[in-house]
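Ligands are counted one by one from 1 in listed order, and the atoms in each one are counted from 1 as well. Counting begins at 1 with the first residue of the sequence.
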Amino acid sequence: MNKINTLFQVEECASKNGEFQYRRDLLTGLQCRIAPDRFHRRIDVPRRPDGSHDEVPCVFCPERVHYDTPVFPDGSRITIGESVTFPNLYPFAREHVVTVITEAHDPAEIAAGQIEDALCGQIAAFSGNDDYVSCNWNYLPSAGASMLHPHMQGIADAAPTFHAGIAIDQSETFCCRTGRMYRACLLEQEMGGSRHLFGDELPFFAHAVPLGEKEVRAYLPVRCIDELEPWCGLLAEGIERVISLYRGAGHYAFNLSLFFDAVGRPDRGFRAFCSLIARINPSAAAMGDSAFMERMHLEPIVMTLPEDLAGFLP
Ligand SMILES: [Zn+2]
């Protein structure tokens, strides 16, 4: 059901696992999503990054992940290496999957090979999906993860998130105006410069206008998730290096998003990119209330319907 007036747009989306809304402020174009079911994640329970207050084995641990998590409509979960991919129990996207990355509940290190397998799990989950896809990772509760056990989240919707929409639209406008792809111009300008961190075939750059602390971006030579697989190895190695860079600088928590165009659209010059930001929190023991949607996609997930707020008045 779509409710449209001249000022705000509300669109309901229901899935097997729950309901949520897309909302858009038609004055500014800013978007959010409202997912009341996400209150049920027990996010009021204090969590410590050392795992000492966590229930172990948690539902993402190997003893439970193959039995106690949701399954795809055909009854399956996707297993690649140690990674296990399945539908999110509390979705806020038309298609919303979780990929548990490691068997270990709280590993000291996460290897490139484990990240690569998890990315391949996400690719498999979105095989045949024509929507706008992103792959995302909130690492540690202080970066907004409700589960300590390392996991990625993939989302797909008929419309792009706020940041993805701007990046795709403006990349196409740039290409139209200059006759060149933005990615080509960026590489030409940044390769070998002070912001070029490493990588040649798949370079990683400190982003010139960071969205968050120590933002690092990698611009891929592909547009959609169905073209990602040959690049997963290099991308995962780069992500592992950025995580090492963050740890060397004293940051453990981070957010990551990998933005794609929709498979069904024509190629008008956008290329996928992966962005990471380090998270700094006064209390590492607390769960942050901003995660990849708020920090990377610039599209907040909230749990309370504005129409219910008056009910909280004393
Ligand atoms: Zn676990």
Side-chain angles (χ1 to χ4, degrees), residues 17-18 35 37-72 75-93 96-125 135-155 236 239-240 243-244 246-247 251-258 276 278-279 281 283-293 301:
N17 293 323
D37 288 347
R38 291 176 64 75
F39 267 123
H40 301 143
R41 290 172 301 155
R42 293 182 59 221
I43 49 177
D44 54 333
V45 179
R47 285 163 197 272
R48 303 192 66 83
D50 63 5
S52 60
H53 285 216
D54 263 37
E55 181 186 4
V56 175
C58 77
V59 72
F60 290 175
C61 282
E63 297 91 331
R64 297 183 61 194
V65 71
H66 298 286
Y67 308 100
D68 295 343
T69 52
V71 289
F72 291 109
S76 72
R77 300 176 185 88
I78 298 164
T79 303
I80 298 178
E82 284 184 38
S83 78
V84 186
T85 301
F86 47 86
N88 193 324
L89 190 55
Y90 302 109
F92 54 73
H96 190 167
V97 303
V98 170
T99 298
V100 174
I101 302 167
T102 58
E103 288 186 347
H105 178 74
D106 186 15
E109 310 278 343
I110 301 173
Q114 291 169 313
I115 297 169
E116 182 180 0
D117 287 343
L119 289 170
C120 289
Q122 296 260 305
I123 292 170
C135 302
N136 310 277
W137 185 2
N138 301 321
Y139 183 62
L140 296 181
S142 59
S146 61
M147 300 283 288
L148 178 69
H149 200 130
H151 61 284
M152 290 185 192
Q153 295 182 62
I155 61 170
I239 291 169
E240 184 190 37
I243 295 171
S244 300
Y246 285 167
R247 290 193 173 189
H251 311 304
Y252 282 79
F254 61 85
N255 300 110
L256 174 155
S257 285
L258 180 48
L276 295 101
R279 293 296 297 275
N281 289 286
S283 169
M287 180 189 158
D289 76 344
S290 63
F292 70 84
M293 283 297 286
I301 306 295

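Classified by interplanar angle (parallel below 30°, tilted 30° to 60°, perpendicular above 60°), the ring pair Phe292/Phe92 is tilted. Note: Phe254 and Tyr246 have tilted aromatic rings, judged against thresholds of 30 and 60 degrees for the angle between ring planes.
In summary, the side chains of Gln122 and Thr99 do present a donor paired with an acceptor at a separation below 3.5 Å, with no hydrogens or angles considered.
Near the Zn ion (ligand 1), less than 2.8 Å away, sit the protein N, O or S atoms Cys58 SG, Cys61 SG, His105 ND1, His149 ND1.
Shown here is Asp289, whose CG atom has no more than 12 heavy atoms of other residues, nucleotides or ligands within 6.0 Å.
Counting heavy atoms from C-beta outward, Thr69 and Val98 have side chains that stay 4.5 Å or more apart.
Here Ala93 pairs with Arg33, His96, Ile155, Asp157 under the side-chain contact (heavy atoms from CB on, under 4.5 Å) rule; sequence neighbours left out.
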